[in-house]
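Sequence lines set the chain letters: A, B, ... in the order given, protein chains first and strands last, and positions in each chain run from 1.
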2 protein chains.
Amino acid sequence: MKRATQAKRTTIYDLAELAGTSASAVSAILNGNWKKRRISAQLAARITKLAEEQGYALNMQASVLRRERSKIIGMIVPKYDNRYFGSIVEQFEAMARERDLFPIVTCTRRDPALEMEAARAMLSYQVDCLIATGATDPDRIVELCSAAGVRTVNLDLPGSRAPSVISDNFGGALELTRRVLTNCEREFGVKSPLLFVGGRGTDHNTSERVRGFRAAHAEAGIRVDEDLVLTCGYAPEKAENAMRQLAEAGTVLPRGMFVNSTISLEGVMRWIRRSGEYAAAMPHLGCFDWDPFVAMLGDHIEMVRQDVPKMLDAVFEIIDSDTLELKVVQIPPIVETAG
Amino acid sequence: MKRATQAKRTTIYDLAELAGTSASAVSAILNGNWKKRRISAQLAARITKLAEEQGYALNMQASVLRRERSKIIGMIVPKYDNRYFGSIVEQFEAMARERDLFPIVTCTRRDPALEMEAARAMLSYQVDCLIATGATDPDRIVELCSAAGVRTVNLDLPGSRAPSVISDNFGGALELTRRVLTNCEREFGVKSPLLFVGGRGTDHNTSERVRGFRAAHAEAGIRVDEDLVLTCGYAPEKAENAMRQLAEAGTVLPRGMFVNSTISLEGVMRWIRRSGEYAAAMPHLGCFDWDPFVAMLGDHIEMVRQDVPKMLDAVFEIIDSDTLELKVVQIPPIVETAG
DNA sequence: CAATTCTGCTTCATCGATTGAGCAAGCTTG
DNA sequence: CAAGCTTGCTCAATCGATGAAGCAGAATTG
């Protein structure tokens, strides 16, 4: 792939030459601090017009190289295939731009090696700050970044070496489980344990959600058997397989389930439809994450929606305020009313 | 937001000093063309090790400034809130990395001004190439880019000044409409026109889909009334409002609909549920775009899934082969079998 | 009116990596 | 053993923007 056969781009030197002035005057005018440098409004107007005419575009590489701060802010994100991460990215970009920062986002597919590689790439591009969203191993990323003097904020999954902004996973899971238990009892008249499906047993969010799940059961005086907690990973196929194995093992399937993310729900729903196990009556479901079409799937599904705007407000508050404090900010998720 | 109080980053000069050699040797070694420059394997090994120990990271800004190609590839994309654009971005990033290109993606929220601003920013970052996905006015972007000698490829929506890769919108819409018409006739025994909802009347995709929609009706000998084509925009609220207005105008609502994108479907479904107009029997729906949960909404919905992998293959084929030819590549979408 | 201040610029070093040109020491060849 | 080649480096210019320091000339001040 070559650059089109094109005249070289216009630089401040070209403009200076055309205007019969110096490059530094042009630079000062175009980057807006010409008043501080006592350039006449007249010259400023002339150069601005000229730059416009010549289609001048700043060379960020040169600019960033020279400056102290790059004004580039990076984010790594696991996937783009669900509304939660999609809105995180969209909101992040908007808020970065509001602050005159250039956002660079990259998706790491939940792959630890890619996460590190992506972080390294961001450092090479001189990001001023990096947001590690849902990172498998946030602390290693922070270590890498802090060696380069770059601040990090963990989002969605917490780490121990940088401030973190996460959902109140315990609280959300507790409330969600309560609701599903109530729904089950109302419809089926039984007080029996739910199934937990999806997520990684090792990640903080999942373990907190399991804790909330257990707490809600405990409250209701229901015992949860170990093999009803299937933290099999997030991918739809993994959730589907976990369900199949459970059924094949001859376990009596619960009348309700807690599904850890829409992405796992995709697999769970697929299995329910394919296996026909729940042909008689759909189980009551609770999903930790929101999706508009899941909401339309029927009134047997409750959802918890993570509060992305508040989470990103918290992230930028940390960034804007230069806090280095190792706090973990927990944002309560929103329990969507069913239907 | 300041840089943490940190030692300056290690540069090739630091490494050169530590190793008692020159910066240019270090540079050649670390960027891999030390063989061309006749550097001994011994020194190469020593420097590589040292760089590792010192946590050296290339300064891309300096590197790109000096080189004539940046190896940065940009993409602008309208939204991250649906599976179609999500998978485009994910696939794009993966394919860019395979080619040793650094992907920069930015979301422009279907806002023409933001599109131009984003394109300008990408030029400042010296992108070698820009993919304009679903751009409102691709030709203006191309114009801007080509003035800077940067190649552009249009994706999803075609333009007249750069090669474009789009879905076969006419073909997909034709087939989708046929299916919905068949479904309606089978269930309701009537040959009546469908409703078309969503999209912008001015965009190429929408007008091609409307053309396919009309062609399928023509085939079946069904007349389509002008006011059954509601190209009201993509946003859910717009689709919902359009439905409401249609109903309020006293129009007899069709038994089937062609919905132009999942995002419009969100609004349509919401209206259907809220208004209760279809309480007796759900209408048959066809949706141009795919979503896993929409697929689970019931067997009254048919979907057309745009073939993202093939589309991006085509995009990179154009980029890799340096074609400047103004062709429009049409990729047939996949008609998902119902259920 | 000499001394000072202000205005409106210009000059030049710098950021870090890259690369063409050059150079010294060792090796080959006739 | 002189001429030429090879090996393994170093030197210095360069990419484009930035900003501290400097410098004329005009304006102000005591």
Side-chain angles (χ1 to χ4, degrees), chain A residues 3 7-47 51 54-72 102 123-126 128 148-149, chain B residues 3 7-47 51 54-72 102 123-126 128 148-149:
Chain A
R3 206 40 105 40
K8 289 196 48 197
R9 290 144 107 110
T10 313
T11 71
I12 53 170
Y13 295 94
D14 302 330
L15 296 179
E17 176 130 53
L18 280 168
T21 178
S22 72
S24 75
V26 174
S27 169
I29 290 162
L30 297 178
N31 70 24
N33 56 10
W34 53 278
K35 286 186 181 166
K36 273 166 256 162
R37 311 206 64 220
R38 295 186 320 229
I39 305 273
S40 66
Q42 203 182 84
L43 182 60
R46 200 153 61 83
I47 297 295
Q54 300 291 315
Y56 170 80
L58 175 65
N59 183 325
M60 272 296 174
Q61 260 72 36
S63 178
V64 168
L65 175 60
R66 191 55 182 42
R67 277 174 351 211
E68 178 63 20
R69 280 186 45 209
S70 70
K71 297 190 178 187
I72 302 176
F102 186 80
L123 291 181
S124 275
Y125 281 93
Q126 311 296 110
D128 283 336
Chain B
R3 206 38 104 43
K8 288 197 48 196
R9 290 144 106 110
T10 313
T11 71
I12 52 170
Y13 296 94
D14 302 329
L15 296 180
E17 177 131 51
L18 279 169
T21 177
S22 73
S24 72
V26 174
S27 169
I29 289 163
L30 296 178
N31 70 25
N33 56 11
W34 51 279
K35 286 188 181 166
K36 272 167 254 160
R37 305 205 85 218
R38 296 188 316 226
I39 306 270
S40 65
Q42 202 182 85
L43 182 60
R46 199 152 63 83
I47 297 295
Q54 299 292 314
Y56 169 81
L58 175 67
N59 183 325
M60 272 296 174
Q61 257 71 36
S63 178
V64 168
L65 176 60
R66 192 53 185 32
R67 283 180 337 216
E68 125 267 11
R69 276 188 50 208
S70 69
K71 297 190 177 187
I72 301 176
F102 186 80
L123 291 181
S124 276
Y125 282 93
Q126 312 296 111
D128 283 336

Check the distance between dG16(D)'s P and Gln61(A)'s CD and give it to me in whole angstrom.
12 Å
Specify the angle, to 10°, made by the local axes at the two ends of the helix from dC1(C)-dG30(D) to dG30(C)-dC1(D) when five pairs are taken at each end.
50°
DNA chain D nearest-nucleotide lookup for Arg67(A) and Thr21(B): closer to the 5′ end is Thr21(B)
Just to be sure I understand the geometry, which residues of residues 38-46 of chain B put a non-hydrogen atom under 4.0 Å away from DNA chain C?
none
Between Ser22(A) and Ala57(B), the residue closer to the 5' end of DNA chain C by nearest nucleotide is Ser22(A)
Using whole Å, what does the distance between atom P of nucleotide dG19(D) and atom CG of Leu30(A) come to?
13 Å
Take atom CD1 of Ile47(B) and atom C1' of dG8(D), then tell me their distance rounded to the nearest Å.
13 Å
NA contact type, Leu58(B), heavy-atom cut-off 4.0 Å: base, sugar-phosphate, or nothing?
sugar-phosphate
Just the rounded figure in Å: distance from P of dT10(D) to CD1 of Ile12(B).
12 Å
Taking any atom under 4.0 angstrom from a heavy atom of chain B, which nucleotides of DNA chain C are the first and last to qualify, 5' to 3'?
dG16(C) to dA21(C)
Can you give me every donor-acceptor pair (side chain of residues 27-45 of chain B, partner residue at least two apart or in another chain, under 3.5 Å) with its distance?
{"from": "Asn31(B)", "atom 1": "OD1", "to": "Asn33(B)", "atom 2": "N", "distance (Å)": "3.3"}
{"from": "Asn31(B)", "atom 1": "ND2", "to": "Ser27(B)", "atom 2": "O", "distance (Å)": "3.4"}
{"from": "Ser40(B)", "atom 1": "OG", "to": "Leu43(B)", "atom 2": "N", "distance (Å)": "3.2"}

Is the distance from OP1 or OP2 of dA12(D) to the nearest side-chain N or O of Ser24(B) less than 4.0 Å?
no
Spacing of Asn33(A) atom CG relative to dA20(D) atom C1', expressed in whole Å
13 Å
Just N and O in the side chain of Asn59(A): are any of them under 4.0 Å from OP1 or OP2 of dC15(D)?
no
Which whole-number value in Å describes the distance from Glu68(B) CD to dG16(D) C1'?
16 Å
Taking only residues two or more places apart in sequence or in another chain, which ones pass side chain to side chain donor-acceptor pair (under 3.5 Å) with Ser24(B)?
Ser22(B)
Test side chain to side chain donor-acceptor pair (under 3.5 Å) applied to Ser124(A) - qualifying residues, sequence neighbours left out:
none
N or O in side chain of Tyr13(B) less than 4.0 angstrom from dC11(D) OP1/OP2:
no
